[in-house]
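Structure, as structure tokens:
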Protein chains: 2
Amino acid sequence: MSGSRAEREDAQPAVTLADVGRLAKVSAQTVSNVLHRPDKVQPRTRKRVEAAIHQLGYQPNRAARALRVSASQMIGFRIVPTAPQAVGSLHDRFLHALGEAARAAGRHVLLFTADDADSEVVTASQLLRTGAVDGVVLYDVVAEDPRPAALLAARVPFVAFGRTTTGTAGYSWVDVDDEAGVTEAVDHLVARGHRRIAYIGWPERFSVGVRRARAWHYAMQRHGLPTDLDRRVDDTMDAGADTLDSFLDDPEPPTAVVTASDTLAVGAHHTASARGLEVGRDIAIVGFDDTPTAYALNLSSVGQPLTEVSVAIMELLIDELSASPGRTHQGRLLAPRLVVRKSSDRSFRR
Amino acid sequence: MSGSRAEREDAQPAVTLADVGRLAKVSAQTVSNVLHRPDKVQPRTRKRVEAAIHQLGYQPNRAARALRVSASQMIGFRIVPTAPQAVGSLHDRFLHALGEAARAAGRHVLLFTADDADSEVVTASQLLRTGAVDGVVLYDVVAEDPRPAALLAARVPFVAFGRTTTGTAGYSWVDVDDEAGVTEAVDHLVARGHRRIAYIGWPERFSVGVRRARAWHYAMQRHGLPTDLDRRVDDTMDAGADTLDSFLDDPEPPTAVVTASDTLAVGAHHTASARGLEVGRDIAIVGFDDTPTAYALNLSSVGQPLTEVSVAIMELLIDELSASPGRTHQGRLLAPRLVVRKSSDRSFRR
DNA sequence: CTGAAAGCGCTAACAT
DNA sequence: ATGTTAGCGCTTTCAG
């Protein structure tokens, strides 16, 4: 309350290595050794030191350690605002998985915001320069994404979730095998007896959209089924609803539909219900991303293995951080999982 | 490539205060002064130093600064996984707003995960002890929430988003005035000509649910309208759908419905459509939280002012950090905003 | 196997 | 108004 250091009066005493050493009758250095090179210290003294650490509730000071070893154990991640029209947020769930993976690796996630790709790169570089983070994770990297090259040029260690169409050899990435997911969805519907399986996807400008559409096309071809039930629209519920509507007006309407996203699938679900069709019996729908909404509406959906993705990303990033300059990078393609729910679980007979 | 310091070869030279001082022909201390007490240094030398800073692209080392001033400029935030059945994520949007507010205040958000309230408190305390964060933000604090008291006991500086029913004088909080939001929704519907306005809310165990329900009750009473159209259910789409269904089976069904969440509102929307009612014309629906899904379905909704909430939280937290021990804390109640969309924008005549 | 010395980059206090 | 000194807590040499 009085005196010049009033503002620190409520702070805990802050236990240091020296405090522990004092209690254990050893030097601070030995305490540090117990923590980092337990084999270098005699079992007896180690026991004593460990007891002292425990008794005092010692917690190493991160700033001091960071300063000394020039590594913050922090991973930067740009948080983007959810698109207003999207259903459920993959971003949100990924972030949680990443936080979990970081913790398992003894690190933490540092959030930052940025309005566009350029400022994301600038901010990331700045965070690295100031020692706030050791590296960053790039989310939703797409075909022509400028960020990998820019971060490479800025010498910011990073791992990408998603990948560009070219230059993937220059950096480490983890991606989900969309093709496999869509293929699984089509195979599943074929196994249920469907033959006219439509596809509602995104315009060509999205590389992910292209990959998913192509997979549908190949799968249909492989089964000897028609490949003309293919529409590309914006990723909104309305677009999904309208598209199914027009499909159903055809003389030979599809009996099942695979969509590039749950947002589109929710729209399709809406149309089916509005037309008095029972989803799962009269028409099958399979979405993509396994969002909370898919769960809520009992929609089958191809889910991304976010936990595995996060773990892989942390692994590659740590690799990246400890690696020598001229090393080679890695790409990892993870398989998604089809979650079958009511919207497609019954056998279909015309 | 060779030698013992190979692993640092790709790192930038890392400009320090001393480097800047050397270039500007002053001591490192003067450079520091230019940065922190510009008035204490002569305009001429300041210019020179600033030029040097700019030329070298100097960025202060956070770890060193943190060590020296024992403050990390980091705010801890526990990221919780989205509930599978909830629609859109307030959490996600709040996090973005908080990141933005933190940046504006020259700070960053550090993410952490925890399985329950207890481990959240333990982790927060640990992050504080290790100097990783200066304080934390508590999300979704409810009536009997044990976290404020626990953090207080652990002497972890924090600000709560939401508040407990008792003991709010002991800590700083920011909350949204639910009552005002619901009242606004009811008034709006009354102004549109509705008289039978139903309420679908949450069970009593949620304090937020109680507040919102009470506000509906009072508002209806004030307008001299019936207060029996009141149901409490779990926060799922299905519950919302079923509840509206049963309301509409009444001999005197409601013509409008206010819900405690968008999740419930989406369910209601679904039921209305399924029954061939045009939402906005045959029945009005107003949700809560103004989620992306409300936007997508053109649902009116009471939106929380997340940006203002975040700014207020940062303000109070900074206050908390710089304050003397025995100070008083603050509570701030912010008004939500009703966003009127198609689901309730028309006048209603029976 | 343990201790002593040095310094990471910064800033508060004092000295000039 | 600027420079010098010292030390935050830790770890990497190097001696003992």
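Naming: A, B, ... by sequence-line order, numbering from 1 per chain. All figures in this text were calculated on a predicted structure; none of them were measured in a lab.
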Side-chain N or O of R37(B) versus OP1/OP2 of dA12(C): is the shortest distance under 4.0 Å? yes
What parts of residues 40-54 of chain A reach DNA chain D, counting only heavy atoms under 4.0 Å away? none
What nucleotide among dT12(D), dG9(D), dG9(C) has an atom nearest to a side-chain atom of T16(A)? dG9(D)
To the nearest angstrom, the CG-P distance between L67(B) and dT11(C) comes to 11 Å
Rounding to an integer number of Å, can you tell me how far H36(A) NE2 sits from dG9(D) P? 16 Å
Just verifying a value: how many Å separate L67(B) CG and R65(A) CZ, rounded to the nearest 0.5 Å? 13.5 Å
Whole-Å distance, R62(B) CZ to dG9(D) P, equals 20 Å
S172(B) and E320(B): side-chain donor and acceptor closer than 3.5 Å? yes
Whole-Å distance between dC8(D) C1' and N61(B) CG? 13 Å
Side chains of E100(A) and T113(B): any donor to acceptor distance under 3.5 Å? yes
Do S119(A) and D116(A) have side-chain N/O donor and acceptor atoms under 3.5 Å apart? yes
In whole angstrom, give the distance that lies between atom CZ of R65(A) and atom C1' of dC8(C). 13 Å
Return the orientation label for the Y139(A) and F161(A) ring planes: parallel under 30°, perpendicular over 60°, tilted otherwise. perpendicular
For nucleotides 3-6 of chain D, print each protein N/O atom paired with a nucleotide N/O atom at under 3.5 Å, atom names and distance only.
residue: dG3(D); atom: OP2; partner: S27(B); partner atom: N; Å: 2.7
residue: dG3(D); atom: OP2; partner: S27(B); partner atom: OG; Å: 3.3
residue: dG3(D); atom: OP2; partner: T30(B); partner atom: OG1; Å: 2.8

When the distance from CG of L17(B) to P of dA12(C) is rounded to whole Å, what number comes out? 12 Å
Between H91(B) and F77(B) (judged by ring centroids, cut-off 6.0 Å), do the two rings come close enough to count as a pair? yes
Just by distance, do the side chain of T168(B) and the backbone of T164(B) share a donor-acceptor pair under 3.5 Å? no
Answer yes when K47(B) and E50(B) have at least one side-chain N-carboxylate O distance shorter than 4.0 Å, and no when they do not. no
Assess whether atom NE2 of H36(B) is packed by more than 12 heavy atoms of other residues, nucleotides or ligands within 6.0 Å. yes
For dT11(C), does either OP1 or OP2 sit under 4.0 Å from a side-chain N or O belonging to S32(B)? yes
Between dC8(C) atom C1' and D19(B) atom CG, what is the distance in whole Å? 13 Å
